[in-house]
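In each ligand, atom 1 is the first atom listed, and ligand 1 is the first ligand listed.
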Amino acid sequence: MDKPLFSIRGLSKIFPSGHKALSGIDLEIEAGSHLVIAGANGSGKTVLMKIITGLMDASSGEVLFKGRPLALAMGSLRVAVGLVFQDADAQIIGETVEEDTALGPKNLKLSKDAVNERVSAAIRAAGLEGKAGFPARSLSGGEKRRLAVAGILAMGCQTIIMDEPFANLDWPGVRSVLQIIMELKRDGKTVIILTHELEKVLALADRLVVICGGQIVRDGEPETVLDSLKPEYGVRDPRCSYRTVRDCSWL
Ligand SMILES: Nc1ncnc2c1ncn2[C@@H]1O[C@H](COP(=O)(O)OP(=O)(O)OP(=O)(O)O)[C@@H](O)[C@H]1O
Ligand SMILES: [Mg+2]
């Protein structure tokens, strides 16, 4: 049997300030799974993502990528795992939309034609057609998020981790990201979404993990997990119905 994509054992992160952002995280993520990791602001989602992708060191614990310690697996992880960062600005490197989207495939040493083909397809899928020559930094917040998604699509990674992919997106933007996630699923890719906006994505997930105060408090099939949510987790059950304006209250 194949080794899990990620095996995370006893992972903890304490910052120099003394703040314990993660403690005792045990998590196995199988290839091909469609996982949503939910939690309130500050619960530790981004720190977890950074540690399992080698962008931040853990204080203790172990992360294996396909059975190998992260330090030895970084080369293959960089090619196999694409990240859409929470901070879309931090992800922009190229001058224009087209140049930025091309950076990943160029690094993969693909032919010029193959790079161009991937870049056009990714820009189209992310709904940025007509903006290919635009300066990337002048895009709106939502367009920058679309650009980050385009860059990851162009890399063709087998696993995609998206940290708050819906932040700043309008309704068509959310729908186009969901469309992309559905296509990634159809292609057999592993998709890991970190968000507190469950109502947008949970229908596409086969597993829901809830983090609260740096610990995993729930892990399982989404319906079952939602049935056992506690108010202190800070995660809202999205299975509410909006029939009238009054129902739309989040209070
Ligand atoms: N570099 C850092 N130095 C010190 N503390 C940090 C650092 N990065 C994160 N933290 C703290 O760790 C905790 C978890 O942060 P994290 O960014 O993982 O939260 P999150 O679940 O992603 O929240 P959000 O929903 O707001 O994105 C927070 O309390 C944060 O202040
Ligand atoms: Mg975060």
Side-chain angles (χ1 to χ4, degrees), residues 6 8-27 29 34-63 65 70 77 81-92 141-142 144-149 151-152 159-170 173-174 177-178 180-181 190-202 204-205 207-220 222 225-226 228-238 250-251:
F6 287 102
I8 303 159
R9 295 179 199 143
L11 194 77
S12 295
K13 177 70 182 175
I14 305 174
F15 286 106
S17 62
H19 178 67
K20 198 165 195 177
L22 293 177
S23 62
I25 299 280
D26 293 316
L27 193 62
I29 303 176
H34 306 119
L35 168 67
V36 169
I37 301 180
N41 294 145
S43 55
K45 304 181 294 295
T46 298
V47 169
L48 177 62
M49 188 217 39
K50 285 184 177 169
I51 293 175
I52 70 171
T53 54
L55 298 172
M56 186 184 270
D57 288 330
S59 304
S60 58
E62 181 181 52
V63 179
F65 178 68
L70 211 50
L77 187 142
V81 180
L83 305 172
V84 175
F85 290 102
Q86 180 164 10
D87 177 2
D89 276 295
Q91 199 149 9
I92 296 176
K144 283 176 182 163
R145 185 141 332 260
R146 290 169 184 246
L147 176 59
V149 171
I152 296 311
T159 296
I160 291 90
I161 305 180
M162 297 183 174
D163 193 357
E164 304 292 356
F166 308 112
N168 267 331
L169 287 185
D170 58 12
V174 171
V177 170
L178 292 175
I180 287 168
I181 293 172
T190 310
V191 185
I192 303 171
I193 311 279
L194 296 92
T195 187
H196 51 262
E197 300 181 82
L198 287 184
E199 68 281 10
K200 292 176 183 161
V201 72
L202 204 54
L204 299 180
R207 180 177 173 194
L208 172 61
V209 169
V210 179
I211 302 190
C212 176
Q215 293 181 303
I216 292 180
V217 289
R218 290 288 181 270
D219 181 356
V225 169
L226 291 181
S228 65
L229 283 182
K230 293 183 180 175
E232 59 264 34
Y233 299 163
V235 173
R236 187 173 188 252
D237 186 340
W250 278 34
L251 291 172

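Residue-ligand proximity: Gly44 is placed with a non-hydrogen atom under 4.0 Å from ligand 1. In this structure, Pro16 has no heavy atom closer than 4.0 Å to ligand 1.
Closest protein heavy atom to atom 14 (C) of ligand 1: Gly42 O, 3.4 Å. Summary of contacts: the protein heavy atom closest to atom 2 (C) of ligand 1 is Phe15 CE2, 3.3 Å. What sits closest to atom 22 (O) of ligand 1 on the protein, heavy atoms only, is Thr46 OG1, 2.8 Å. From the protein, the heavy atom lying nearest to atom 27 (O) of ligand 1 is Gln86 NE2, 2.8 Å.
Taking any N or O of Gly39, backbone or side chain, none lies under 3.5 Å from an N or O belonging to ligand 1.
Taking 2.8 Å as the criterion, Thr46 counts as a coordinating residue of the Mg ion (ligand 2), since one of its N, O or S atoms falls below it. The Mg ion (ligand 2) does not have Met49 among its coordinating residues (no N/O/S atom, backbone or side chain, under 2.8 Å).
Between Lys144 and Asp89 a salt bridge is recorded (basic side-chain N to carboxylate O distance below 4.0 Å). Under a 4.0 Å N-O distance rule, the pair Asp170/Arg146 qualifies as a salt bridge.
When the options Val47, Leu22, Leu194 are ranked by their closest heavy atom to atom 15 (O) of ligand 1, first place goes to Val47. Between atom 26 (O) of ligand 1 and the options Asn41, Ile37, Thr195, the minimum heavy-atom separation is to Asn41. With atom 29 (O) of ligand 1 as the reference point, the heavy atom nearest to it among Lys13, His19, Lys45 is part of His19.
Contact annotation for atom 19 (O) of ligand 1: protein present (non-hydrogen atoms, distance under 4.0 Å).
Among all heavy-atom pairs drawn from Lys200 and Leu178, the shortest one is O-CD2, 3.2 Å.
Screening Val210, Leu11, Val209, Leu48 for a side-chain contact (heavy atoms from CB on, under 4.5 Å) involving Ile216 leaves a single residue, Val209.
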